[in-house]
*Asks:* 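The structure's right below; bear with me while I get my questions together.
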Amino acid sequence: MNNKLKRDFYQREDVLQISKDLLGKYLVTNFEGQLTAGMIVETEAYRAPDDKASHAYLNRFTDRTKVMFEAGGVAYIYLCYGIHHMFNVVTAQEGIAHAILIRAMEPVDNIELMQQRRQFDRLKPQLTAGPGVMSKALGILTQYTGTSLVAPDSPIWIEDRDHIIPPEAIVASPRVGVDYAEECASWPWRFRVKNSKWTSKAK
DNA sequence: CACGGGATCGTCT
DNA sequence: GACGATCCCGTGT
């Protein structure tokens with residue numbers, strides 16, 4: 001229980017494997033003493049330099065994307081459509097811009113606060129189904145981009161609570177919202193827990 | 001349930 | 001100046 005994932009977990013080469021391994025893990029935030037958490041049920045892999053859907057395609061290095069080149073175990077958070085704070089896990093060794101978008105989780109700890117942040121008066125699957133709304137429920141903002149997920153004092157981390165997702169319970173499909181990425185758009189790099197009602201809608 | 005559009009702003013051209 | 005790794009609400013069936 002309460003076993004925080006360490007650098008070794010994040011710094012492996014195979015971003016697809018890590019994306020699957022993250023299913024069933026617990027994403028936790030603790031801002032100003034307010035802890036909230038949920039079990040990850042949906043992820044998407046982005047693998048520069050060859051992936052046209054990645055912000056770091058062809059190793060494009062800008063103020064925004066530079067954090068993706070750091071060693072695995074930090075957060076890459078960016079603003080989408082001026083509204084949504086998208087939370088990604090940076091993986092692999094320094095210099096390799098692999099990242100995993102966390103798309104949905106099953107709410108677990110302090111559901112009341114997550115509902116408050118979303119202005120929900122009762123629990124519905126939409127509370128944390130989708131990358132933008134999941135971040136809102138957890139209180140994650142773009143200003144936390146670059147935050148370590150492994151440092152002892154980090155406000156964001158991922159835990160193993162011994163919840164096993166067997167391989168046959170993982171469904172792979174194309175990623176969402178990446179039609180512009182040509183041949184990469186069809187790559188089955190979106191991973192979901194089969195039969196979970198907490199995942200975002202199928203396309 | 002399918003669809004169409006508006007919100008809203010940092011980032012890159 | 002255009003647009004996006006989204007979401008929600010309105011309309012119509």
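Reckoned from all heavy atoms, side chains included, excluding hydrogens, waters and symmetry mates.
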*Asks:* Any chance you could pull the hydrophobic cluster mates of A:Tyr57, using side-chain heavy atoms under 4.5 angstrom and chaining through other members?
*Replies:* A:Leu58
*Asks:* Which pairs would a plain distance check flag for residues 137-155 of chain A, meaning a side-chain donor or acceptor within less than 3.5 Å of a matching protein atom at least two apart in sequence or in another chain?
*Replies:*
from	atom 1	to	atom 2	distance (Å)
A:Thr145	OG1	A:Ile77	N	3.0
A:Thr145	OG1	A:Ile77	O	3.4
A:Thr147	OG1	A:Tyr144	O	2.6
A:Ser148	OG	A:Val150	N	3.0
A:Ser148	OG	A:Ala151	N	2.9
A:Ser154	OG	A:Ser148	O	2.4
A:Ser154	OG	A:Ile156	N	3.2
A:Ser154	OG	A:Ile156	O	2.7

*Asks:* Which nucleotide span of DNA chain B, 5' end to 3' end, has atoms closer than 4.0 Å to non-hydrogen atoms of chain A?
*Replies:* B:dA7 to B:dT13
*Asks:* Detail all sub-3.5 Å separations between protein N/O atoms and N/O atoms belonging to nucleotides 2-10 of chain C.
*Replies:*
from	atom 1	to	atom 2	distance (Å)
C:dA5	OP1	A:His55	NE2	2.9
C:dA5	OP2	A:Tyr180	OH	3.0
C:dA5	N9	A:Tyr78	OH	3.3
C:dA5	N7	A:Ala53	O	3.3
C:dA5	N7	A:His55	NE2	3.0
C:dA5	N1	A:Asn88	OD1	2.6
C:dA5	N3	A:Tyr78	OH	3.3
C:dT6	O2	A:His84	NE2	2.7
C:dC7	OP1	A:Gly130	O	3.4
C:dC7	OP1	A:Pro131	N	3.1
C:dC7	OP1	A:Gly132	N	2.9
C:dC7	OP1	A:Val133	N	3.4
C:dC7	O4'	A:His84	NE2	3.2
C:dC8	OP1	A:Arg118	NH1	3.1
C:dC8	OP1	A:Arg118	NH2	3.0

*Asks:* Hydrophobic clustering (ILVMFWY, side-chain heavy atoms < 4.5 Å, transitive) - are A:Met68 and A:Ile102 grouped together?
*Replies:* no
*Asks:* Please check if A:Val171 and A:Val176 belong to a single hydrophobic cluster, counting links between Ile, Leu, Val, Met, Phe, Trp and Tyr side chain heavy atoms closer than 4.5 Å.
*Replies:* no
*Asks:* My understanding is that only residues two or more places apart in sequence, or in another chain, count here; which of them pass side chain to side chain donor-acceptor pair (under 3.5 Å) with A:Asp21?
*Replies:* A:Arg12, A:Gln17
*Asks:* Can you name the side chain to side chain donor-acceptor pair (under 3.5 Å) partners of A:Trp157, sequence neighbours left out?
*Replies:* A:Glu159
*Asks:* Just checking A:Thr142: base, sugar-phosphate only, or nothing, at a heavy-atom cut-off of under 4.0 Å?
*Replies:* nothing
*Asks:* Provide the full list of side chain to side chain donor-acceptor pair (under 3.5 Å) pairs with a residue in residues 42-52 of chain A, sequence neighbours left out, each pair given once.
*Replies:* A:Glu42-A:Arg103, A:Glu42-A:Arg190, A:Glu42-A:Ser200, A:Glu44-A:Tyr46, A:Arg47-A:Asp50, A:Asp51-A:Arg175, A:Lys52-A:Glu182, A:Lys52-A:Glu183
*Asks:* Would A:Phe9 end up clustered with A:Leu23 when hydrophobic side chains under 4.5 Å apart are linked, directly or stepwise?
*Replies:* yes
*Asks:* In a table with atom names and distances, give each donor-acceptor pair under 3.5 Å that connects a side chain of residues 86-97 of chain A to protein atoms at least two apart or in another chain.
*Replies:*
from	atom 1	to	atom 2	distance (Å)
A:Asn88	ND2	A:Tyr76	O	3.1
A:Asn88	ND2	A:Met86	O	3.4
A:Gln93	NE2	A:Gln11	O	2.8

*Asks:* By a strict heavy-atom criterion of less than 4.0 Å, which residues belonging to residues 15-24 of chain A are in contact with DNA chain C?
*Replies:* none
*Asks:* With a 6.0 Å cut-off (strictly less than), is the heavy-atom count around CD of A:Glu13, excluding the residue itself, greater than 12?
*Replies:* yes
*Asks:* Taking ring pair (Phe, Tyr, Trp, His ring centres under 6.0 Å) as the test, write out the residues that go with A:Trp198, two or more places apart.
*Replies:* none
*Asks:* Sequence neighbours excluded, which residues qualify as ring pair (Phe, Tyr, Trp, His ring centres under 6.0 Å) partners of A:Phe61?
*Replies:* A:Phe69
*Asks:* Got a minute to check which stems DNA chain B is part of, using Watson-Crick or G-U wobble pairs under 3.5 Å, three or more consecutive?
*Replies:* B:1-7 with C:6-12, B:9-12 with C:1-4
